[in-house]
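Proteins come first, then strands; the chains are lettered A, B, ... in the order of their sequence lines, and each starts at number 1.
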Amino acid sequence: MRLATWNVNSLKARLQRVEDWLTDVQPDVVCLQETKLADTAFPAMTFEALGYATAHHGEGRWNGVAILSRVGLTDVQAGFDDDDAPDKEARLLWATCGGVRVASAYVPNGRALDNDHYTYKLGWLARLRAHLDLHDDPGGAVAVCGDFNIAPADADVWDPAVFEGATHVSAPERAALAELERWGLVDVFRTLQPEPGLFSWWDYRAGNFHKRHGMRIDLVMASAALADRATYAVIDRNARKGQAPSDHAPVIVDFAD
DNA sequence: ATGGTCGCGCAGCGA
């Protein structure tokens with residue numbers, strides 16, 4: 001099974017590129033983030049024509065997550081399934097695809113360490129961990145995929161010194177990610193690709209992509225049993241090139257059956 | 001780290 005995650009930064013603006021990429025890459029399951037669409041505007045027919053069943057959880061102008069699958073798509077759950085008030089933002093979607101419990105996650109950015117949004121981010125990650133405790137089996141096949149807005153280690157940042165005191169690299173965020181690892185999730189890309197300096201996001205500004213000034217913040221977090229089946233992982237930098245790219249590149253992982 | 005750039009939607013915010 002070929003699984004991918006991609007923050008497309010508006011599916012409306014990116015649809016043709018996504019279609020072309022699906023045709024080229026032939027993924028079986030795709031998690032999309034930042035669709036920036038209402039559910040009524042989601043182009044389900046376009047993906048259906050390419051062989052994909054879909055689920056979308058959107059709100060309109062901001063956020064929005066989707067799952068595409070050509071290996072089955074059942075038991076869809078939007079957001080957190082717990083007793084708390086529903087998340088006000090459309091950032092999480094679950095479905096079972098090809099025997100894997102898949103989540104498409106768009107973790108809050110955090111903005112700055114002293115910002116309320118940072119508190120929301122940490123709470124959101126804790127709630128994700130609690131959701132896993134409630135509903136999922138760390139011994140099963142689980143893949144939480146998406147834009148985590150966290151660089152797991154300094155090797156995932158082009159210049160760690162530049163980001164001291166900033167979000168995406170702070171100890172509490174990394175601790176929240178480590179809590180997901182404690183539950184049983186593994187950063188699959190990192191297990192297959194040990195070298196530093198491999199990034200999935202580059203700011204549009206200042207020619208950062210061409211200067212290789214990026215971060216690896218898009219992750220496939222797989223349960224150990226699933227991670228053991230991973231045979232190949234790549235960040236598709238080609239998708240960040242050319243006309244009208246997203247500022248994120250897709251992360252692709254292949255799993256043996 | 002953000003002057004830089006995008007997307008949304010038509011000013012300025014969010015990333």
Peer 1: In whole Å, what is the span from the CD atom of A/Gln243 to the P atom of B/dG7?
Peer 2: 11 Å
Peer 1: Could you work out the separation of B/dT2 and B/dC10 based on their P atoms and round it to a whole Å?
Peer 2: 28 Å
Peer 1: How would you label the contact of A/His168 with the nucleic acid (heavy atoms, under 4.0 Å): base, sugar-phosphate, or nothing?
Peer 2: nothing
Peer 1: Using whole Å, report how far NZ of A/Lys88 lies from C1' of B/dG14.
Peer 2: 17 Å
Peer 1: Compute whether any side-chain donor of one residue and acceptor of the other, for A/Asn208 and A/Lys211, lie under 3.5 angstrom apart.
Peer 2: no
Peer 1: Determine yes or no for a side-chain-to-main-chain donor-acceptor pair under 3.5 angstrom, with A/Arg240 supplying the side chain and A/Pro245 the backbone.
Peer 2: no
Peer 1: Taking only side-chain N and O atoms of A/Arg61, does any of them lie within less than 4.0 angstrom of OP1 or OP2 on B/dG7?
Peer 2: no
Peer 1: May I ask you to decide if the ring planes of A/His213 and A/Trp158 are parallel, tilted or perpendicular, using 30° and 60° as cut-offs?
Peer 2: parallel
Peer 1: What is the distance, rounded to the nearest whole Å, between atom CG of A/Asp247 and atom P of B/dC6?
Peer 2: 10 Å
Peer 1: Using a 4.0 Å cut-off on heavy atoms, which residues in residues 201-212 of chain A reach DNA chain B? List them by number, or say none.
Peer 2: A/Asp203, A/Tyr204, A/Arg205, A/Ala206, A/Asn208
Peer 1: Specify the separation, in whole Å, of atom CD of A/Glu34 and atom C1' of B/dT5.
Peer 2: 14 Å
Peer 1: Atom NE2 of A/His213 to atom P of B/dT5: distance rounded to whole Å?
Peer 2: 16 Å
Peer 1: Any idea how A/Trp124 and A/Phe80 line up, ring-wise: parallel (<30°), tilted (30 to 60°), or perpendicular (>60°)?
Peer 2: perpendicular
Peer 1: Take atom CH2 of A/Trp158 and atom C1' of B/dA1, then tell me their distance rounded to the nearest Å.
Peer 2: 8 Å
Peer 1: Using the C1' atom as the point on both nucleotides, what is the distance between B/dG14 and B/dG9, in whole Å?
Peer 2: 13 Å
Peer 1: Are A/Thr167 and A/Glu173 close enough that a side-chain donor and a side-chain acceptor fall under 3.5 Å?
Peer 2: yes
Peer 1: Measuring from the side chain of A/Arg14 (C-beta onward, heavy atoms only), which nucleotide among B/dA15, B/dG7, B/dA1 has the closest atom?
Peer 2: B/dG7
Peer 1: Is it the case that the side chain of A/Arg70 and the backbone of A/Gln26 share a donor-acceptor pair, with hydrogens and angles ignored and the cut-off at 3.5 Å?
Peer 2: yes
Peer 1: Tell me whether the centres of the aromatic rings in A/His135 and A/Trp94 are closer together than 6.0 Å.
Peer 2: no
Peer 1: Shortest non-hydrogen contact from A/Phe199 to A/Arg216?
Peer 2: CD2-N, 3.7 Å
Peer 1: Mapping A/Asp147 and A/Leu11 to their closest nucleotides on DNA chain B, which lands nearer the 5' end?
Peer 2: A/Leu11
Peer 1: So, does A/Ser10 get its side chain near the phosphate of B/dC8, meaning an N or O under 4.0 Å from OP1 or OP2?
Peer 2: yes
Peer 1: Between B/dA11 and B/dA1, how far apart are the P atoms? Round to whole Å, please.
Peer 2: 34 Å
Peer 1: Whole angstroms only, please: what is the CD-C1' distance between A/Glu164 and B/dA1?
Peer 2: 13 Å
Peer 1: Closest approach to the side chain of A/Lys12, judged atom by atom: which nucleotide of B/dA15, B/dG7, B/dC8 is it?
Peer 2: B/dC8
Peer 1: Separation of A/Lys121 atom NZ from B/dA15 atom P, in whole Å?
Peer 2: 10 Å
Peer 1: Map A/His117 and A/Ala13 onto DNA chain B by nearest heavy atom, then report which one ends up closer to the 5' terminus.
Peer 2: A/Ala13
